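A short write-up of the structure that comes next.
Computed from a prediction, not measured in an experiment: that's the story for all the values here. Just the heavy atoms: all of them, side chains too, but no hydrogens, waters or symmetry mates, feed the values below.
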Amino acid sequence: MNKFSSVKDLVMSLESDFEKFYEKGNSAAGTRVRKGMQDLKNLAQDLRKEVQDMKNNAAGGSEEKAGAKKSAPKAKK
């Protein structure tokens with residue numbers, strides 16, 4: 001959840017620069033917005049990877065147990 005909080009904080013911190021760029025035409029604010037959006041992209045990608053890894057680890061553990069049961073040799077009569 002820490003990365004999600006970072007994403008929210010970053011978006012909120014860019015609000016004033018968005019206003020300065022779109023309402024007042026401040027080009028320096030536009031540069032800050034572009035940099036912030038690149039940072040947002042990187043944070044989102046990191047968060048996405050973390051979620052995927054957690055999902056795979058949780059699913060992988062249950063699949064391994066199920067797979068072990070299925071692949072156990074049958075007893076001969």
Side-chain angles (χ1 to χ4, degrees):
M1 287 297 290
N2 188 27
K3 287 184 181 171
F4 181 69
S5 296
S6 297
V7 168
K8 289 192 318 186
D9 292 343
L10 178 58
V11 169
M12 296 306 295
S13 72
L14 293 172
E15 185 176 13
S16 66
D17 286 326
F18 270 104
E19 290 174 1
K20 289 175 186 174
F21 178 71
Y22 283 109
E23 294 176 7
K24 298 177 182 176
N26 184 326
S27 62
T31 301
R32 290 190 297 272
V33 167
R34 286 195 342 267
K35 182 190 180 309
M37 295 306 292
Q38 184 65 40
D39 293 342
L40 179 61
K41 176 187 168 193
N42 293 335
L43 275 172
Q45 184 64 37
D46 291 344
L47 181 59
R48 181 184 181 278
K49 184 179 181 322
E50 180 180 291
V51 168
Q52 185 70 35
D53 290 343
M54 288 177 71
K55 186 184 98 170
N56 288 343
N57 289 339
S62 62
E63 288 176 5
E64 288 175 9
K65 291 176 185 175
K69 291 179 184 176
K70 289 181 182 178
S71 64
K74 294 182 180 179
K76 294 184 181 181
K77 293 183 179 182

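Partners of Phe4 under the side-chain contact (heavy atoms from CB on, under 4.5 Å) rule, at least two apart in sequence or in another chain, are Met1, Lys8, Leu47. Annotation: side chain to side chain donor-acceptor pair (under 3.5 Å) contacts of Asn42 (sequence neighbours excluded): none. Under the side chain to side chain donor-acceptor pair (under 3.5 Å) criterion, Asp39 pairs with Lys35, sequence neighbours left out. In this structure, the side-chain contact (heavy atoms from CB on, under 4.5 Å) partners of Asp46, at least two apart in sequence or on a different chain, are Lys3. Considering only residues two or more places apart in sequence or on other chains, Gln45 meets the side-chain contact (heavy atoms from CB on, under 4.5 Å) condition with Arg48.
Nearest approach of Leu10 to Leu43, heavy atoms of both residues: CD2-CD1, 3.9 Å.
Rounding to the nearest 0.5 Å places CD of Gln38 at 9.5 Å from CG of Leu40. Atoms CZ and OG, from Phe21 and Ser16 in turn, are 14.0 Å apart once rounded to the nearest 0.5 Å.
For the salt bridge (charged side-chain N to carboxylate O under 4.0 Å, His left out) condition, the pairs that include at least one residue of residues 16-31, sequence neighbours left out, are Asp17-Arg32.
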